[in-house]
Chemist: 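To start, I am sharing the structure in question, which I have written as structure tokens.
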Amino acid sequence: MENRFEQQLSQLELTLTEKQKEQFNQYYELLVEWNKVMNLTGITDYDEVNEKHFVDSVAIVKAIDLNEINKVIDIGTGAGFPGIPLKIMFPHLNIVLLDSLKKRISFLDEVIKVLGLEGIKTLHGRAEDYAQKAEYREMFDLCVSRAVANLSTLSEYCLPYIREDGYFIPYKSGTIEEELKASEKAVKILGGKIEKTVKFHLPDTEIGRSFVRIKKIAKTNKKYPRKAGLPSKEPIQ
């Protein structure tokens, strides 16, 4: 019989293999275990983690066909959301998880090892710094982020990583209109174009979600992202 997690995934037209079920369970167990000694998540209940972290992470299928994507970078991945659930669900993806906190990177490395994931690696550092390195700049088909930052700031962190014709899709709450309007100029300056916003509720919940689908239509000027701290202190207006 399907559990609640599988029912919610089926509403996104996703089904799990036995191996994927096991990997999500292992991920959950590691998350709860490590959370005892470091702050990874405020959510530890099994059904809630499945819903608010795992289902939420893979719900991006509503905004883009991941079967046509190869290289993905997850900026400010934290405890691995959305990057690790996306890797479990879509094993073909090549994923880079970037986070500025070393302890979180240690956790993610352990998850990758225990789950036996391949074609995924972690980067410890700031988005502003790696975006200036040739091996990461404008090298990804898709950049995702569940980081809490306004869209202007997040666009400056993320758009430099995406190749032309690639996509940046941030995970946002249901009410996004004001933030969208305030970010239009920044997105344009950084070489992006807001194509559409996909709004919905997570399956069987009242949790509102918005995916902003931003297409990279021109190269990002070399001066972006600006040096550490500036994108959040002084967003492009």
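In what follows, residues are counted from 1 in the order of the sequence shown. What's counted below: heavy atoms across the whole structure, side chains too, no hydrogens, waters or symmetry copies. Because the structure is a prediction, the values reported are computed rather than measured.
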Chemist: Rounded at 0.5 Å granularity, tell me how far CG in Leu108 sits from NZ in Lys113.
Modeler: 13.5 Å

Chemist: I'd like to know whether Asp99 forms a salt bridge (Lys or Arg N to Asp or Glu O under 4.0 Å) with Arg104, so could you lay out the CA-CA distance, the side-chain angles of the two residues, the decisive distance to 0.1 Å, and finally the verdict.
Modeler: CA-CA 7 Å; Asp99 201 85; Arg104 286 199 286 254; 2.8 Å; yes

Chemist: Rounded at 0.5 Å granularity, tell me how far CG in Leu40 sits from NZ in Lys103.
Modeler: 9.0 Å

Chemist: Does any non-hydrogen side-chain atom of Tyr130 lie less than 4.5 Å from one of Val96?
Modeler: no

Chemist: Does a side-chain heavy-atom distance below 4.5 Å link Leu202 with Gln8?
Modeler: no

Chemist: Among the clusters formed by ILVMFWY side chains lying less than 4.5 Å apart, do Val144 and Tyr167 turn up in the same one?
Modeler: yes

Chemist: Please find the pair of heavy atoms, one from Ser232 and one from Pro235, that lie closest to each other, and give the distance.
Modeler: O-CD, 3.8 Å

Chemist: Kindly compute the distance separating CG (Leu142) from CD1 (Ile162), expressed to the nearest 0.5 Å.
Modeler: 7.0 Å

Chemist: Whether the side chain of Lys172 engages the backbone of Ile176 through a donor-acceptor N/O pair (distance < 3.5 Å, no angle test) should be reported.
Modeler: no

Chemist: May I ask you to test the Lys215-Glu164 pair for a side-chain heavy-atom distance under 4.5 Å?
Modeler: no

Chemist: Quick check: does any side chain N or O of Asn50 sit under 3.5 Å from a backbone N or O of Phe5, one acting as donor and the other as acceptor?
Modeler: no

Chemist: Is a side-chain N or O of Ser210 found less than 3.5 angstrom from the main chain of Val198, in a donor-acceptor match?
Modeler: no

Chemist: Donor-acceptor check, side chain of Arg213 to backbone of Ala63, threshold 3.5 angstrom: yes or no?
Modeler: yes

Chemist: Output, in order, the C-alpha distance, side-chain angles, deciding distance and verdict of salt bridge (Lys or Arg N to Asp or Glu O under 4.0 Å) for Glu177 and Lys199.
Modeler: CA-CA 11 Å; Glu177 285 71 21; Lys199 301 182 81 159; 2.7 Å; yes

Chemist: Between Asp165 and Lys216, is the salt bridge (Lys or Arg N to Asp or Glu O under 4.0 Å) condition met? List the steps.
Modeler: CA-CA 5 Å; Asp165 290 331; Lys216 182 82 171 269; over 6 Å; no

Chemist: Apply salt bridge (Lys or Arg N to Asp or Glu O under 4.0 Å) to the pair Glu18 and Lys21, showing each step before the final yes or no.
Modeler: CA-CA 5 Å; Glu18 288 307 315; Lys21 285 179 202 173; 3.0 Å; yes

Chemist: Quick one: CG on Leu115 to CD on Gln26, what's the gap to the nearest 0.5 Å?
Modeler: 4.5 Å

Chemist: With no hydrogens and no angle check, is any side-chain donor or acceptor of Asn221 less than 3.5 Å from a backbone partner on Tyr224?
Modeler: no

Chemist: Taking a hydrophobic cluster as the set of Ile, Leu, Val, Met, Phe, Trp and Tyr residues connected by side-chain heavy atoms closer than 4.5 Å, whether directly or through intermediates, do Met38 and Val111 fall within one such cluster?
Modeler: yes

Chemist: Do Ser155 and Phe168 come within less than 4.5 Å of each other through their side chains, counting heavy atoms only?
Modeler: yes

Chemist: For His92 and Ile69, work out which heavy atoms get closest and say how close.
Modeler: NE2-O, 3.1 Å

Chemist: Please check if any side-chain donor atom of Asn94 sits under 3.5 Å from a side-chain acceptor atom of Asn70, or the reverse.
Modeler: yes

Chemist: Just by distance, do the side chain of Glu138 and the backbone of Thr220 share a donor-acceptor pair under 3.5 Å?
Modeler: yes

Chemist: Would you say the side chain of Arg209 lies within less than 4.5 Å of the side chain of His201, judging by non-hydrogen atoms?
Modeler: no

Chemist: Side chains of Gln11 and Val55, heavy atoms from C-beta outward: is any pair under 4.5 Å?
Modeler: no

Chemist: Distance from Glu118 atom CD to Ile112 atom CD1, nearest 0.5 Å?
Modeler: 11.0 Å

Chemist: Side-chain contact, heavy-atom cut-off 4.5 Å: Val72 with Phe90?
Modeler: no

Chemist: Does the plane of the ring in Tyr136 sit parallel, tilted or perpendicular to the ring in Phe140? Use 30° and 60° as the thresholds.
Modeler: parallel

Chemist: Would Tyr46 and Asn3 count as a side-chain contact (heavy atoms from CB on, under 4.5 Å) here? Give the steps.
Modeler: CA-CA 11 Å; Tyr46 179 73; Asn3 63 19; 4.0 Å; yes

Chemist: For Gln23, is there any backbone N or O sitting under 3.5 Å from a side-chain donor or acceptor partner on Tyr28?
Modeler: no

Chemist: Kindly determine whether Thr41 and Leu31 satisfy side-chain contact (heavy atoms from CB on, under 4.5 Å), including the steps that lead there.
Modeler: CA-CA 8 Å; Thr41 176; Leu31 183 69; 3.9 Å; yes

Chemist: State, to 0.1 Å, how close Arg4 and Thr205 come at their nearest heavy-atom pair, and which atoms those are.
Modeler: NH2-CG2, 4.1 Å

Chemist: Transitively linked via ILVMFWY side-chain contacts under 4.5 Å: Ile73 with Ile120?
Modeler: no

Chemist: Step by step, work out the side-chain contact (heavy atoms from CB on, under 4.5 Å) result for Lys52 and Ile207.
Modeler: CA-CA 9 Å; Lys52 294 178 180 170; Ile207 302 167; 3.9 Å; yes

Chemist: Any link between Ile60 and Phe24 through a network of hydrophobic side chains (Ile, Leu, Val, Met, Phe, Trp, Tyr) touching at under 4.5 Å?
Modeler: yes

Chemist: Would you check, one step at a time, whether the test side-chain contact (heavy atoms from CB on, under 4.5 Å) holds for His53 with Arg146?
Modeler: CA-CA 10 Å; His53 287 324; Arg146 282 208 332 172; 2.8 Å; yes

Chemist: Please report the C-alpha distance between Thr122 and Asp109 in whole Å, then the side-chain angles of each, then the deciding distance to 0.1 Å, and finally whether the side chain to side chain donor-acceptor pair (under 3.5 Å) criterion is met.
Modeler: CA-CA 7 Å; Thr122 57; Asp109 286 338; 2.8 Å; yes

Chemist: Between Glu128 and Pro225, is there a donor-acceptor pair closer than 3.5 Å when you use the side chain of the first and the backbone of the second?
Modeler: no

Chemist: Within the structure provided, determine whether Leu12 and Val58 are in side-chain contact (heavy-atom separation under 4.5 Å).
Modeler: yes

Chemist: Between Gln20 and Thr17, is there a donor-acceptor pair closer than 3.5 Å when you use the side chain of the first and the backbone of the second?
Modeler: yes

Chemist: For the CD atom of Glu234 and the CD atom of Glu156, what is their distance to the nearest 0.5 Å?
Modeler: 10.0 Å

Chemist: What residues, two or more places apart in sequence or in another chain, satisfy ring-ring contact (aromatic ring centres under 6.0 Å, His included) together with Phe211?
Modeler: Tyr171, Phe200

Chemist: Does Leu93 offer a backbone N or O that forms a donor-acceptor pair with the side chain of Lys87 under 3.5 Å?
Modeler: yes

Chemist: Would you list the atom pairs, donor with acceptor, under 3.5 Å between side chains in residues 75-84 and any protein atom, with sequence neighbours excluded?
Modeler:
unit_1: Thr77; atom_1: OG1; unit_2: Asp74; atom_2: OD2; d: 2.7

Chemist: For the residue pair Ser100 and His124, confirm or rule out a side-chain donor-acceptor distance under 3.5 Å.
Modeler: no

Chemist: So which atom in Ala127 and which in Leu98 form the shortest heavy-atom distance, rounded to 0.1 Å?
Modeler: N-CD2, 3.8 Å

Chemist: Only pairs under 3.5 Å count here: list side-chain donor-acceptor contacts from residues 182-192, not counting sequence neighbours, and write none if there are none.
Modeler:
unit_1: Ser183; atom_1: OG; unit_2: Glu179; atom_2: O; d: 3.4
unit_1: Ser183; atom_1: OG; unit_2: Leu180; atom_2: O; d: 2.9
unit_1: Lys185; atom_1: NZ; unit_2: Gln237; atom_2: O; d: 2.9

Chemist: Can you get from Ile95 to Val114 by hopping between Ile, Leu, Val, Met, Phe, Trp and Tyr side chains that sit under 4.5 Å apart?
Modeler: yes

